[in-house]
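The structure appears right after this line, and notes come after that.
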Amino acid sequence: MSRAHIVTSPAEAVAGIEDGSTVLVGGFGMAGMPVTLIDALIEQGASDLTIVSNNAGNGDTGLAALLAAGRVRKVICSFPRQHDSYVFDGLYRSGKLELEVVPQGNLAERMRAAGAGIGAFYCPTGVGTPLAEGKEQRTIDGRDYVLEYPIRGDYALIGAQTADPMGNLVYRKTARNFGPVMATAARTTIAEVRETVGLGEIDPEAVVTPGIYVDRILDLSALASQEVAS
Amino acid sequence: MSRAHIVTSPAEAVAGIEDGSTVLVGGFGMAGMPVTLIDALIEQGASDLTIVSNNAGNGDTGLAALLAAGRVRKVICSFPRQHDSYVFDGLYRSGKLELEVVPQGNLAERMRAAGAGIGAFYCPTGVGTPLAEGKEQRTIDGRDYVLEYPIRGDYALIGAQTADPMGNLVYRKTARNFGPVMATAARTTIAEVRETVGLGEIDPEAVVTPGIYVDRILDLSALASQEVAS
Amino acid sequence: MSIAVAATQTIEHLDRGPLSKDELAALVARDIPQGSYVNLGIGQPTMVADHLGADSGIVLHTENGMLGMGRAARDEEVDPDLTNAGKIPVTELPGAAYFHHADSFAMMRGGHLDVCVLGAFQVSAAGDLANWHTGAPDAIPAVGGAMDLAIGAKDVFVMMTLFAKDGSPKLVPRCTYPLTGVDCVSRVYTDRALFLVGTEGATVVETFGMSMEELDERLDIELHTL
Amino acid sequence: MSIAVAATQTIEHLDRGPLSKDELAALVARDIPQGSYVNLGIGQPTMVADHLGADSGIVLHTENGMLGMGRAARDEEVDPDLTNAGKIPVTELPGAAYFHHADSFAMMRGGHLDVCVLGAFQVSAAGDLANWHTGAPDAIPAVGGAMDLAIGAKDVFVMMTLFAKDGSPKLVPRCTYPLTGVDCVSRVYTDRALFLVGTEGATVVETFGMSMEELDERLDIELHTL
């Protein structure tokens with residue numbers, strides 16, 4: 001039913017992503033960025049997408065290439081502007097891209113809420129700033145809070161270090177970042193991993209994303225061997 | 001400032017717990033129950049306590065002994081009634097103990113909210129039941145939710161498997177349960193651990209409770225060696 | 001409800017008596033799709049585990065922080081750090097994962113479990129559940145994870161006898177015991193019949209040693225057939 | 001504000017010029033108590049790390065999911081999976097811990113960090129912070145973790161030049177740039193003076209190459225002394 005499938009090609013990994021989908025994309029800068037899956041999504045052709053990610057693309061590859069291909073309607077992120085975010089900058093300035101800027105912690109917590117079945121939460125971040133304008137506010141125990149709603153994904157594309165056949169994932173160092181949260185917040189979670197190991201080879205105490213949150217796994221090392229063989 | 005201290009006696013571990021404190025007590029049944037710390041708290045003498053724990057004591061030891069000693073004003077828990085919860089049952093029926101029953105997941109999430117700086121959250125659990133009576137409700141996206149507030153502790157007493165000198169903790173199997181959440185929700189977190197290891201001996205990828213959440217550590221194995229030596 | 005019903009019309013098994021507890025557990029197990037993530041409540045629902053094939057790929061969740069729970073521990077397997085929600089020592093399967101209580105209940109509340117199987121005092125035709133409190137004035141309230149489970153899983157299956165010891169039906173027009181959850185149960189597995197319940201009322205899928213007519217007579221609710 | 005001020009009266013350092021960037025970083029480092037958990041913002045605040053003694057027991061947090069961050073990585077230490085919030089490769093110290101983004105920001109928002117050091121465009125005497133957006137009509141808004149950091153740490157220290165390039169003060173009666181946080185800054189470390197700020201207004205702790213009188217002339221706020 002919901003057990004993770006190990007897929008054998010990037011095309012299979014992103015198959016079925018519909019036009020108009022909300023896609024959560026992991027990574028903080030390049031760390032944890034699911035580059036192969038993003039390239040496959042460009043190839044796949046889904047358009048009118050809402051992309052939720054910390055940044056909005058660098059240079060000409062990855063998310064920037066997806067934006068450049070005109071597939072994205074809206075970006076929800078914390079930090080679109082970077083020294084090499086010229087693709088985003090151009091589209092945004094020409095009015096071709098909608099932008100919702102969200103404080104980084106709210107971005108994470110709103111996705112966490114989606115995954116955790118929380119309807120909304122009162123958050124102290126951003127109170128009194130332009131990003132709280134128009135939002136419901138409440139004072140609780142003398143402190144001011146803004147009401148924040150969940151961000152749900154139709155799909156999550158994330159990068160991880162290792163998967164086992166159950167779909168359990170572990171990450172590596174700060175490449176962990178948004179992956180574990182996004183995995184819980186999407187209807188279908190697709191992970192690219194650097195390696196897969198046998199059942200029982202991930203320490204149950206050290207699992208970061210339990211397999212219940214993972215639907216498809218693309219093993220980049222297997223992909224590399226295929227390419228060498230062909 | 002806030003770095004964890006390794007203490008050498010149970011008395012030192014629970015020193016300073018004031019009358020009237022709210023104390024979060026880890027464990028699910030006996031798994032993860034900080035038995036040594038509870039015994040030390042009884043010895044220490046603090047009274048008029050509010051205890052937040054999943055259960056309300058079994059038999060005559062641990063939490064049950066704390067209750068029997070008359071130190072507890074109120075219990076906040078999900079499941080007080082057990083086959084051997086006669087100490088609690090007696091005090092409750094005679095009106096000597098206030099009880100707030102909270103669905104188990106709300107207990108965990110309300111403490112998580114306290115630790116995570118969330119002012120309140122809309123939760124679907126308990127809607128339409130007696131436990132939601134008198135609570136604020138709201139319909140969001142067609143689903144009904146109850147507004148739930150954080151549960152903060154003055155102290156948390158938890159049990160873990162291993163600590164390092166930074167105060168990083170790992171747990172063992174289902175004894176993990178409430179420990180990691182309670183550690184974030186209390187002003188002062190006190191952990192009893194089965195062993196301490198050297199700096200760098202806990203895999204940074206496998207840390208469950210980062211040391212920032214831990215204030216005092218009681219090493220049960222060191223305690224056992226002391227007792228043998230004396 | 002997420003799991004489709006295989007039967008195309010209501011079947012009356014009249015050549016037999018009511019289901020035994022073991023048969024009831026097997027019936028529930030039959031209907032859980034391969035590869036599902038499942039939480040089995042305390043008590044009778046734990047018996048369902050004995051009927052899940054080793055090749056079913058079904059993964060058991062326990063609220064106290066584990067996926068990949070195995071069978072009850074025997075003899076030297078007993079480990080006080082490894083128990084199920086009923087505090088009974090259990091075992092760990094390869095590929096298991098441990099997590100803390102907030103993460104465990106986030107998993108439940110967030111709708112990630114496919115099936116949860118619970119016992120009940122009463123279920124209403126609309127799917128309301130009462131299983132935590134008899135409402136007796138001297139009863140000590142204790143809810144545990146019942147309310148979280150009731151509203152969390154994609155499908156909530158209830159397993160119970162259809163009639164209480166005094167003969168009164170436990171599938172009712174409206175629960176008289178305090179509720180655990182509203183409109184949350186999708187199926188009711190009983191010794192006498194299997195029902196679909198929900199906003200469209202109760203539909204009988206199978207009966208066991210009882211005809212539709214007899215059922216209709218003994219229950220105070222309108223019964224639909226497939 | 002949680003950290004007490006050591007000085008008992010305001011000191012004017014008139015025998016010297018303004019602080020260099022490096023001296024400013026050293027001044028901030030001086031005031032962070034041993035064993036504190038600290039987040040250093042992107043840019044100039046990262047320089048504070050160079051002045052924290054190895055025996056200070058200070059633990060650095062980075063918003064992208066780590067406690068126990070070490071210095072910038074050199075040569076073959078560079079690992080694309082290990083960066084700070086500014087996406088610059090860093091190193092890991094013994095006793096480090098990794099966690100995901102929701103846990104990292106829960107740690108910040110929950111008030112568990114002792115000190116956060118941030119840069120700023122403007123700070124008000126009441127402790128309001130503006131450091132994310134110039135408000136220019138064609139500027140692309142980008143907030144990152146600034147608002148989360150501003151409201152999270154027990155003490156928020158700002159590090160900046162006291163005057164903008166055009167000579168206008170950056171410590172102001174009221175911020176004219178869009179706010180990052182309200183009443184969140186506790187201290188403002190500048191090249192010309194160290195201020196305590198908050199609901200009671202601005203108090204000068206030390207000056208550097210400027211007298212109280214000169215400061216008073218150039219700032220549009222009321223200045224208190226210790």
Side-chain angles (χ1 to χ4, degrees), chain A residues 1-6 24 108-121 150-154 156 160 162-171 180-189 196-217, chain C residues 2-4 31-39 52 54-63 65-70 79 81-82 90-116 147-155 181 184:
Chain A
M1 201 68 181
S2 54
R3 287 286 292 284
H5 293 285
I6 296 184
L24 317 179
E109 189 70 10
R110 290 173 64 187
M111 289 190 281
R112 195 251 172 206
I118 299 299
F121 58 93
I151 297 175
R152 284 185 189 83
D154 297 304
T162 309
D164 73 9
M166 299 294 292
N168 293 316
L169 301 181
V170 293
Y171 300 80
V181 186
M182 290 179 169
T184 70
R187 189 164 39 77
T188 301
T189 293
T196 49
V197 296
L199 195 65
E201 289 185 43
I202 295 180
D203 178 0
E205 305 284 2
V207 169
V208 174
T209 296
I212 192 171
Y213 294 118
V214 182
D215 299 282
R216 303 178 200 167
I217 294 164
Chain C
S2 301
I3 301 169
D31 288 357
I32 300 178
Q34 291 215 339
S36 295
Y37 288 93
V38 176
N39 185 300
L52 299 173
D55 58 349
S56 69
I58 287 171
V59 181
L60 295 184
H61 171 264
T62 180
E63 69 191 23
M66 182 186 196
L67 277 170
M69 181 175 68
D79 178 342
D81 284 347
L82 180 50
V90 291
T91 54
E92 166 192 306
L93 295 177
Y98 296 102
F99 29 84
H100 61 58
H101 244 82
D103 279 351
S104 183
F105 281 79
M107 193 180 284
M108 288 160 53
R109 197 190 312 108
H112 303 284
L113 295 175
D114 297 299
V115 178
C116 166
M147 290 187 181
D148 311 87
L149 283 165
I151 60 93
K154 294 191 188 90
D155 269 285
C184 56

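Just so we're on the same page: letters track the sequence lines, and every chain starts at 1. Small disclaimer: the values here were computed from a predicted structure and weren't measured.
- Residues A/L199 and C/G95 come closest through the heavy atom pair CD1-CA, 3.9 Å.
- In terms of heavy-atom proximity, A/P204 sits nearest to C/E92 at CG-OE2, 3.5 Å.
- Annotation: side chain of A/I118 is in contact with side chain of C/R109 (closest heavy-atom distance under 4.5 Å).
- Of all the heavy atoms in A/R112 and C/A106, the pair that sits closest is NH2-CB, 4.2 Å.
- A/I212 has its side chain out of reach of C/V59: every pair of non-hydrogen atoms, C-beta onward, lies at least 4.5 Å apart.
- When heavy atoms are compared at a cutoff of 4.5 Å, C/L113 approaches chain A by way of both its backbone and its side chain.
- Of the residues considered (C/A96, C/G111, C/G152), C/A96 shows the highest number of contacts with chain A, using heavy-atom pairs under 4.5 Å.
- Counting heavy-atom pairs under 4.5 Å between each of A/A114, A/G117, A/A206, A/A116 and chain C puts A/A116 at the top.
- Proximity to chain A involves both the backbone and the side chain of C/M107, based on heavy atoms less than 4.5 angstrom apart.
- The only member of C/Y98, C/Y37, C/F99 that meets side chain to side chain contact (heavy atoms under 4.5 Å, CB included) when paired with A/P210 is C/F99.
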